[in-house]
Amino acid sequence: MQLYQEQTLKLYNTLTNKKEVFKPINEGHVGMYVCGPTVYSNVHLGNCRTFMSFDMIFRYLKHVGYKVRFVRNITDAGHLENDADEGEDKIAKKARLEQIEPMEVVQRYTVDFHNTLQKFNLLPPSIEPTATGHIIEQIEIIKDILEKGYAYEINGSVYFDVVKFNETNEYGKLSGRKLEDMISNTRELTAQDEKRNPQDFALWKKAEPQHIMRWPSPWGDGFPGWHLECTAMSTKYLGEKFDIHGGGMDLKFPHHECEIAQAEASNGQSPVNYWMHANMLTLNGKKMAKSTGNNLLPNEIFSGENDILSKPFVASVVRFFMMQAHYASILDLSNDALLASEKGYYKLMDSLSTLENLETGPTSDFDVETWKNKCYSAMNDDFNTPILIAQLFDAVKHINLIKEGKETITDGDKAKLEEYINAFVFDVLGLENTSASDNNSDKLSGVVELLIELRNEARSNKDFATSDKIRDQLDAMGIQLKDGKEGTTYSLS
RNA sequence: GGCAUCGUGGCCGAGUGGCUAGGCACAGCUCUGCAAAAGCUUGUACAGCGGUUCGAAUCCGCUCGAUGCCUCCA
């Protein structure tokens with residue numbers, strides 16, 4: 001009996017704009033595809049939020065017992081710099097600017113991507129395919145779409161015929177657009193466009209002689225269009241129809257719309273049952289984006305080397321901050337918000353340590369079973385992590401009350417509480433305990449214990465000058481002493 | 001210009017017809033040698049204007065404001 005059999009998970013499907021009960025195609029198994037990064041520069045924090053949201057979703061699905069195949073690609077080719085004829089691959093451009101090989105760019109930023117996500121404690125996906133590793137698959141899909149009449153070749157490039165497609169299918173159903181509106185709202189036409197219609201998009205693009213990233217194809221040397229890789233890789237690893245497709249809100253149109261069109265044209269069916277879109281992270285009220293320069297790199301947060309924040313923050317605090325907002329809401333990052341989250345995060349972590357050493361009693365004042373159910377309800381309601389965290393703090397309150405001797409808990413309930421709170425905090429939310437009192441070295445803890453002892457001696461001798469000196473200087477070093485009923489503990493900040 | 005989304009107490013952020021989310025900050029109290037930590041208590045917020053309703057932050061309309069997409073973007 002798996003947990004998912006007793007939990008009713010609902011998620012917001014951006015295809016239908018409704019919250020729906022999640023039912024996988026194959027009982028007990030979930031296929032999930034998430035659009036990964038284009039590796040032409042360092043991942044910024046906004047990227048991380050999206051990947052973190054889907055990491056949380058991946059974790060929860062696994063937690064409730066699903067076998068999940070989670071595919072997240074690496075885009076290492078194929079993004080046109082602009083829509084004009086001189087369209088250039090983003091990675092190739094970067095390579096030229098930096099005078100290095102394209103694959104060197106890809107390598108460098110892929111490593112950065114992995115390092116960063118690891119700091120944020122993201123689980124690796126089941127499969128992480130690359131676009132350049134699936135050129136053949138992409139070419140096959142283009143052939144198929146051509147055969148079915150939804151694409152045309154011109155001058156060594158192949159374009160998807162959106163108008164033709166729209167005659168039998170519904171282009172724009174994901175983003176709520178109508179082709180007629182799009183046509184009438186087209187802004188100035190790019191001069192001499194070889195496309196039949198501005199809404200058409202490239203499946204294959206002819207490579208100019210100076211273009212370095214190129215592959216042979218039935219239409220000559222070139223490179224694949226922007227949207228094709230995801231169709232190729234999702235189909236290959238998850239099948240023509242799979243459960244969940246995720247990505248950032250900004251990919252909804254045109255990227256995901258085009259994916260649907262490609263898949264429907266090629267396979268004759270809608271590829272995805274549940275589309276999920278994670279919302280943007282803003283910085284100073286503006287979208288964080290590489291292209292505008294309004295961005296913050298994870299390393300700048302960890303090191304404190306930036307003009308926005310007053311101090312460095314550890315990755316887990318940033319993760320906690322993001323988990324305090326619903327994945328589908330816009331979240332605005334600020335120094336104050338991060339400081340507030342940091343406090344809350346350490347409060348939560350401290351109470352987990354407290355819980356371990358909690359004394360038990362004959363009865364429980366805390367209804368752990370009801371609490372647990374509330375936690376699941378929160379997650380089952382479209383992965384509502386803010387509500388889950390509110391429940392966690394409810395438990396924190398009880399843990400502290402029990403510690404103070406104002407409430408009691410039985411052995412059994414304590415064990416159950418430990419099991420579930422740890423599961424939610426670490427397995428589902430993916431937080432890490434950086435609270436120092438738990439994982440610092442034995443030597444340091446020995447030294448601090450000694451100082452606590454000396455301070456207590458001074459205090460009992462009413463030598464407050466000495467005792468305060470120990471306390472204040474430790475505090476200045478980032479070691480905070482906490483006097484409690486059962487003696488003094490400490491934590492690192 | 002077109003299409004969307006959103007506007008919640010000092011800050012962040014849930015909630016979508018009646019029943020107090022939560023975190024941080026602030027104040028008072030308990031504890032303490034004094035603090036810190038911890039606990040308790042208090043805050044009656046929902047952009048504005050109308051409408052629907054016995055009842056709206058929650059539904060409808062308008063106004064104002066913000067953001068996103070429409071072009072590579074998580």
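In this text, all values refer to a predicted model and were calculated from it rather than measured experimentally.
If you check B:C70, B:A74, B:G23 against the side chain of A:D250, the one that comes closest is B:A74. Considering only side-chain atoms of A:P254, the nucleotide from B:A74, B:C70, B:G39 that sits closest is B:C70.
Taking only distance into account, the side chain of A:D468 meets the base of B:G33 through a donor-acceptor pair shorter than 3.5 Å. Residue side chain A:R471 does not reach the base of B:A36 through any donor-acceptor N/O pair under 3.5 Å, judged by distance alone. Contact of A:D350 with B:A38 (side chain to base): no donor-acceptor pair of N or O atoms is detected under 3.5 Å.
Within 6.0 Å of NZ in A:K482 there are more than 12 heavy atoms belonging to other residues, nucleotides or ligands.
Nearest-nucleotide positions on RNA chain B place A:N400 closer to the 5' end than the other of A:N400 and A:L251. Comparing A:T50 and A:D336 by the nucleotide of RNA chain B that holds the closest heavy atom to each, the one mapping nearer the 5' end is A:D336.
A salt bridge is absent between A:D483 and A:R471; no separation between the charged side-chain nitrogens and carboxylate oxygens falls under 4.0 Å. Look at A:E257 and A:R177 and you find no salt bridge, because none of the NZ, NE, NH1 or NH2 atoms lies under 4.0 Å from a carboxylate O.
Residue contacts shown for A:K252 are absent, as no nucleic acid heavy atom lies under 4.0 Å away. Backbone-only contact: A:F393 has heavy atoms under 4.0 Å from sugar-phosphate atoms and none from a base. Note on A:K462: nothing from the nucleic acid sits closer than 4.0 angstrom, heavy atoms only.
If you check the side chains of A:D332 and A:T282, you find a donor sitting under 3.5 Å from an acceptor.
Going from the P atom of B:C62 to that of B:C24 covers 41 Å, rounded to whole Å.
Contact check, A:K406 against B:U30: no side-chain N or O comes under 4.0 Å of OP1 or OP2.
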